[in-house]
J.: 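The structure follows.
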Amino acid sequence: MSIAALTAGLDRIPDQLGYLVISEDGVLASAGELENDEHTAGVMMQMVRTANRFTLPGSADPPFKRMSVILEDFVYAVTVSGQKVFVVKRQHNQQEPISV
């Protein structure tokens, strides 16, 4: 699969600051603030491996397809598809809680 096919659409995600496409072999593609960020790729893959250990008894479905890591200024949106992990770093637009 070509790099263009792997990253199709990732550049058009609103508030996107960067992205990683990762496999078990390492980073397949990266851009923006996550370009060549092997450390973040390793941390995200470890989080995915850990989350994959939490399977429901008797379930054949994967334990999750998407995961969000929400920090003060940005969000990592992680999607698992096939044998690849897509990580998009987005601006976190915090909203004030509604007080009644």
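Source: prediction; values computed, not measured. All residue numbers refer to positions in the sequence shown, counting from 1.
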J.: Considering residues at least two apart in sequence or located in another chain, which fulfil the salt bridge (charged side-chain N to carboxylate O under 4.0 Å, His left out) criterion with Glu33?
T.: Lys89
J.: Within the distance-only criterion (no hydrogens, no angle test), does the side chain of Arg66 pair as donor or acceptor with the backbone N or O of Ala77 below 3.5 angstrom?
T.: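 Not confirmed, Arg66 side chain does not pair with Ala77 backbone.
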J.: In chain order, what residues pass the salt bridge (charged side-chain N to carboxylate O under 4.0 Å, His left out) check against Glu24, with sequence neighbours excluded?
T.: Arg49
J.: Which atom names give the shortest non-hydrogen contact between Ser30 and Leu20, and what distance separates them?
T.: CB-CD2, 3.7 Å
J.: Report yes if the side chains of Leu71 and His92 come closer than 4.5 Å at any heavy-atom pair, otherwise no.
T.: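 No - every pair of side-chain heavy atoms lies 4.5 Å or more apart.
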J.: Assess the residue pair Phe74 and Asp15 against the criterion (side chain to side chain contact (heavy atoms under 4.5 Å, CB included)); give the C-alpha distance rounded to whole Å, side-chain angles, the decisive distance to 0.1 Å, and a yes or no.
T.: CA-CA 9 Å; Phe74 53 88; Asp15 300 323; over 6 Å; no
J.: Would you check, one step at a time, whether the test side chain to side chain contact (heavy atoms under 4.5 Å, CB included) holds for Val85 with Val78?
T.: CA-CA 7 Å; Val85 176; Val78 182; 3.6 Å; yes
J.: Could you state whether Val75 and Val43 fall into the same hydrophobic cluster, counting links through intermediate Ile, Leu, Val, Met, Phe, Trp or Tyr residues with side-chain heavy atoms under 4.5 angstrom apart?
T.: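 Looking at the clustering, Val43 is in a separate group from Val75.
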J.: Check the hydrophobic clustering (I, L, V, M, F, W, Y; side-chain heavy atoms under 4.5 Å; chains of links allowed) and say if Val27 and Val48 are grouped together.
T.: yes
J.: Just verifying a value: how many Å separate Leu10 CG and Phe86 CZ, rounded to the nearest 0.5 Å?
T.: 6.5 Å
J.: Which value, rounded to the nearest 0.5 Å, describes the distance between Leu34 atom CG and Tyr76 atom OH?
T.: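 Answer for the CG-OH pair, Leu34 versus Tyr76, is 5.5 Å.
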J.: For Ile70, is there any backbone N or O sitting under 3.5 Å from a side-chain donor or acceptor partner on Ser68?
T.: no
J.: Does anything in residues 69-82 pair up under salt bridge (Lys or Arg N to Asp or Glu O under 4.0 Å), and if so which pairs, sequence neighbours excluded?
T.: none
J.: When rounded to the nearest 0.5 angstrom, what is the spacing between CG in Leu28 and NZ in Lys84?
T.: 6.5 Å
J.: Rounded to the nearest 0.5 Å, what's the gap from CG on Asn52 to CE on Met47? Could you check?
T.: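 Answer for the CG-CE pair, Asn52 versus Met47, is 12.0 Å.
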